Amino acid sequence: GEDVEQSLFLSVREGDSSVINCTYTDSSSTYLYWYKQEPGAGLQLLTYIFSNMDMKQDQRLTVLLNKKDKHLSLRIADTQTGDSAIYFCAETKDKIIFGKGTRLHILP
Amino acid sequence: DVKVTQSSRYLVKRTGEKVFLECVQDMDHENMFWYRQDPGLGLRLIYFSYDVKMKEKGDIPEGYSVSREKKERFSLILESASTNQTSMYLCASSSSPGRTEQYFGPGTRLTVT
């Protein structure tokens, strides 16, 4: 199938780390993306990883890729209230396929 | 700075009306896309276009049509709006069909009453 799977909700306390997980379907996907959608807005590209990489770090964001298990994760360190959003993972080969999104809720 | 704009943020229309949603990008991208976003269903591709005057059906084209007369502009048309077309509509563009990231507009929240 073509489904990119994500859990729909995640709650995290402010200051803790958030880990959002995704499984994708096509082991030959060349690019894997994380998008962020804030309330009432469109999707914004957050980060991406090439399929020949295992890890990518960008400030508070760490992306981990396990190609064997077709598993992608996004870790947000020191989660803040401004991180409250829906996070979409996406895989691409000939076309882009989005997951349904994980809504991250920040607890005070 | 990359920019995709959509003509309206919020729109309310009546059942049976013809509705035009406009999208403009300033990045000289060949590829443009229309999605609808509904809770629990994620993004679903309605139509996309790889070039001027070219269009391809996505996963849920029924009840919609599109127009791409100029490279920078991609319009979504609801010929006869129905209540089940109440949704958030997102436009996106990219420099190639699937291999590079897509840039999204802010969305149009359409309510059909």
Side-chain angles (χ1 to χ4, degrees), chain A residues 1-10 20-26 28-53 56 58 61 63 72 74 85-105, chain B residues 1-11 21 23-25 27 29-50 56-60 74 76 87-111:
Chain A
E2 287 194 337
D3 285 348
V4 175
E5 301 282 345
Q6 301 178 241
S7 54
L8 292 182
F9 298 100
L10 177 67
I20 303 170
N21 295 302
C22 170
T23 55
Y24 60 98
T25 59
D26 190 342
S28 62
S29 288
T30 50
Y31 297 80
L32 295 138
Y33 296 97
W34 283 103
Y35 285 82
K36 177 183 181 182
Q37 184 183 33
E38 295 181 352
L43 277 68
Q44 176 188 6
L45 179 66
L46 201 56
T47 188
Y48 66 92
I49 189 166
F50 293 112
S51 58
N52 62 357
M53 298 168 65
K56 180 179 180 182
D58 182 4
L61 304 178
V63 179
L72 182 73
L74 173 70
I86 302 174
Y87 292 82
F88 292 88
C89 72
E91 62 172 334
T92 63
K93 186 185 172 190
D94 298 320
K95 63 177 182 177
I96 190 166
I97 300 171
F98 290 91
K100 290 185 169 50
T102 299
R103 183 179 294 274
L104 177 62
H105 177 62
Chain B
D1 196 18
V2 160
K3 199 125 181 167
V4 179
T5 56
Q6 294 182 230
S7 51
S8 306
R9 293 300 304 274
Y10 301 93
L11 211 51
L21 302 183
C23 175
V24 176
Q25 51 95 3
M27 296 161 285
H29 284 166
E30 273 82 31
N31 308 286
M32 297 187 74
F33 308 82
W34 274 107
Y35 295 89
R36 64 178 283 178
Q37 182 182 15
D38 300 287
L41 298 178
L43 275 70
R44 292 182 290 168
L45 182 64
I46 305 171
Y47 266 98
F48 58 99
S49 169
Y50 289 155
E56 291 282 345
K57 292 180 180 179
D59 300 319
I60 53 161
F74 191 35
L76 181 69
S87 188
M88 169 73 100
Y89 289 89
L90 293 166
C91 174
S93 72
S94 75
S95 58
S96 72
R99 294 181 58 198
T100 62
E101 61 268 27
Q102 294 189 0
Y103 295 89
F104 283 81
T108 296
R109 184 162 293 282
L110 172 67
T111 303

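Naming: A, B, ... by sequence-line order, numbering from 1 per chain. As the structure is a prediction and not an experimental result, all values here were calculated from the model.
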Side chain / backbone / both / neither for B/R9 at chain A, heavy atoms under 4.5 Å:
side chain
Using non-hydrogen atoms only, which part of B/Q6 is less than 4.5 Å away from chain A: side chain, backbone, both, or neither?
neither
A/L45 portion near chain B, given a 4.5 angstrom heavy-atom threshold
side chain
Starting at [atom1] of [X], measure out to [atom2] of [Y] and round the result to the nearest 0.5 Å.
X	Y	atom1	atom2	result
B/Q102	A/Y33	CD	OH	9.0 Å
A/F98	B/Y35	CZ	OH	4.5 Å
B/E101	A/Q44	CD	CD	12.0 Å

Would you sort out whether A/Q37 and B/L43 count as a side-chain contact (heavy atoms from CB on, under 4.5 Å), showing the intermediate values?
CA-CA 12 Å; A/Q37 184 183 33; B/L43 275 70; 5.6 Å; no
Does B/R109 CZ have over 12 foreign heavy atoms under 6.0 Å away?
no
Results of side chain to side chain donor-acceptor pair (under 3.5 Å) for A/T102 - residues two or more places apart only
A/Q6
